[in-house]
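Below is one structure, written out as structure tokens, with a few remarks after it.
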Amino acid sequence: MNYANIKYCDIANGVGVRTTLFVSGCRLGCPGCFNEEAWSFEAGEPFTDAVAEKIMDSLDTPYIDGLTILGGEPMEPENQAGLVGFLEAVRERFGNAKSIWLFSGHTWEQLRPGGAWNLGDVTDRILDTLDVLVDGPFVQARHDITLRFRGSSNQRLIDVPATLEAPGDEVVWWRDDPVFSTHTME
């Protein structure tokens, strides 16, 4: 797996200050994508153990609230294989002290067992590490700059642990601080 970029002090892709890993490779090709340069699987540099350890070290900083993975497309088969062990290592080292967010152009339903993008154990193990999944492709016609942590209104911010525990196929949305969801400062 290659990565296109790492931001060690990101405030745009999840709550708080985060370390953000942009993986390389995406077959979706959403028109209007903000990161088209990461579509190529060859973009950037190889994701090595040394790179993974540097990210882990950044997460060990008190002011870093968590890790965010986006791309490219993290749930491409090649990227799932490259991410699963790393995400499990982050969860093992930090427990719930650091949140893990992942952005995917695939929907929750596509990533769950029986879905077109569920690769079995690998996909399920990745989902088990996540706190929030931002799902769905970017849709230019539904672009909305007032949305927090997503580019178009079809995308959902899913509370993964709550959804995994919910009955049936219920999807539980992540709840933002009301001051942000109301667009007021009251």
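- Proximity of a side-chain donor or acceptor of Asp10 to a complementary backbone N or O of Arg18 within less than 3.5 Å is not detected.
- Considering only residues two or more places apart in sequence or on other chains, Arg150 meets the salt bridge (Lys or Arg N to Asp or Glu O under 4.0 Å) condition with none of them.
- A donor-acceptor pair under 3.5 Å links the side-chain atoms of Lys98 to the main chain of Ile64, judged by distance alone.
- Phe94 has its side chain within reach of Met56: a pair of non-hydrogen atoms, C-beta onward, lies under 4.5 Å apart.
- A distance-only check finds a donor-acceptor pair linking the side chain of Ser152 to the backbone of Val139 [under 3.5 Å].
- Between the Glu76 side chain and the Arg27 main chain, a donor and an acceptor come within less than 3.5 Å of each other.
- Judged purely by atom type and a 3.5 angstrom limit, Thr163 uses its side chain to pair as donor or acceptor with the backbone of Val172.
- With contacts defined as side-chain heavy-atom distances shorter than 4.5 Å, the pair Val15/Trp174 qualifies.
- With rounding to the nearest 0.5 angstrom, the CD atom of Gln80 is 8.0 Å from the CG atom of Leu127.
- Neither Val23 nor Phe138 shares a network with the other; the hydrophobic side chains, linked directly or stepwise wherever heavy atoms of I, L, V, M, F, W or Y lie under 4.5 Å apart, form separate groups for each.
- Between atom CG of residue Leu119 and atom CZ of residue Arg125 there is a gap of 12.0 Å, rounded to the nearest 0.5 Å.
- The neighbour count for Glu45 CD, taken as heavy atoms of other residues, nucleotides or ligands under 6.0 Å away, does not exceed 12.
- Taking CG of Asn2 as the start and CZ of Phe41 as the end, the distance is 10.0 Å to the nearest 0.5 Å.
- Side-chain atoms of Arg93 never come within 3.5 Å of backbone atoms of Asp60 as a donor-acceptor pair (strictly under, hydrogens ignored).
- Atom CG of Leu21 is separated from atom CZ of Phe86 by 6.5 Å, given to the nearest 0.5 angstrom.
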task: Verify side chain to side chain contact (heavy atoms under 4.5 Å, CB included) between Phe22 and Lys7, making sure each step is shown before the conclusion.
output: CA-CA 8 Å; Phe22 294 81; Lys7 294 184 178 181; 3.9 Å; yes
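- Heavy-atom neighbours of Glu92 CD from other residues, nucleotides or ligands within 6.0 Å: at or below the threshold of 12.
- To the nearest 0.5 Å, the span separating CH2 on Trp101 from CD1 on Ile158 amounts to 11.5 Å.
- For the pair Leu67 and Leu87, the minimum side-chain heavy-atom distance is below 4.5 Å.
- For Asp131 (side chain) and Pro161 (main-chain N/O), no donor-acceptor pair under 3.5 Å exists by modelled atom type.
- Within the 4.5 Å cutoff, side-chain heavy atoms of Ile126 are placed close to those of Met75.
- Among all heavy-atom pairs drawn from Gly72 and Pro74, the shortest one is O-CD, 4.0 Å.
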With a 3.5 Å cut-off and sequence neighbours excluded, list the donor-acceptor pairs that the side chains of residues 102-114 form with protein atoms.
| from | atom 1 | to | atom 2 | distance (Å) |
| --- | --- | --- | --- | --- |
| Ser104 | OG | Glu73 | OE2 | 2.7 |
| Ser104 | OG | His106 | N | 3.0 |
| His106 | ND1 | Trp117 | NE1 | 3.3 |
| Thr107 | OG1 | Gln110 | N | 3.2 |
| Thr107 | OG1 | Gln110 | OE1 | 3.4 |
| Glu109 | OE1 | Arg156 | NH2 | 2.7 |
| Glu109 | OE2 | Arg156 | NH1 | 3.3 |
| Glu109 | OE2 | Arg156 | NH2 | 3.4 |
| Gln110 | OE1 | Thr107 | N | 2.8 |

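- Ile11 and Val132 sit in two unconnected hydrophobic clusters of ILVMFWY residues. Membership requires side-chain heavy atoms under 4.5 Å apart, directly or through other members.
- Residues Phe47 and Ile100 share a single hydrophobic cluster, defined by chaining ILVMFWY side chains whose heavy atoms lie under 4.5 Å apart.
- The two residues Gln155 and Gly151 come nearest to each other via the heavy atoms OE1-N, 2.9 Å.
- Asn13 contributes atom CG, which lies 6.0 Å from atom OG1 of Thr68 (distance to the nearest 0.5 angstrom).
- Both Val51 and Val90 belong to a single network of hydrophobic side chains, linked directly or stepwise wherever heavy atoms of I, L, V, M, F, W or Y lie under 4.5 Å apart.
- For Asp128 and Arg91, the salt-bridge test fails: no basic side-chain N is under 4.0 Å from an acidic carboxylate O.
- Side-chain atoms of Asp159 do not come within 3.5 Å of backbone N or O of Arg175 as any donor-acceptor pair.
- Between the side chain of Ser24 and the main chain of Ala4, a donor-acceptor pair closer than 3.5 Å is present.
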- request: Check the pair Leu28, Trp39 against side chain to side chain contact (heavy atoms under 4.5 Å, CB included), reporting the backbone distance first and the verdict last.
  value: CA-CA 8 Å; Leu28 293 172; Trp39 288 0; over 6 Å; no
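- Hydrophobic clustering (ILVMFWY, side-chain heavy atoms < 4.5 Å, transitive): Met1 and Ile69 are in one cluster.
- Contact record, Tyr3 with Pro46: CE2-O, 3.4 Å, taken as the closest heavy-atom pair.
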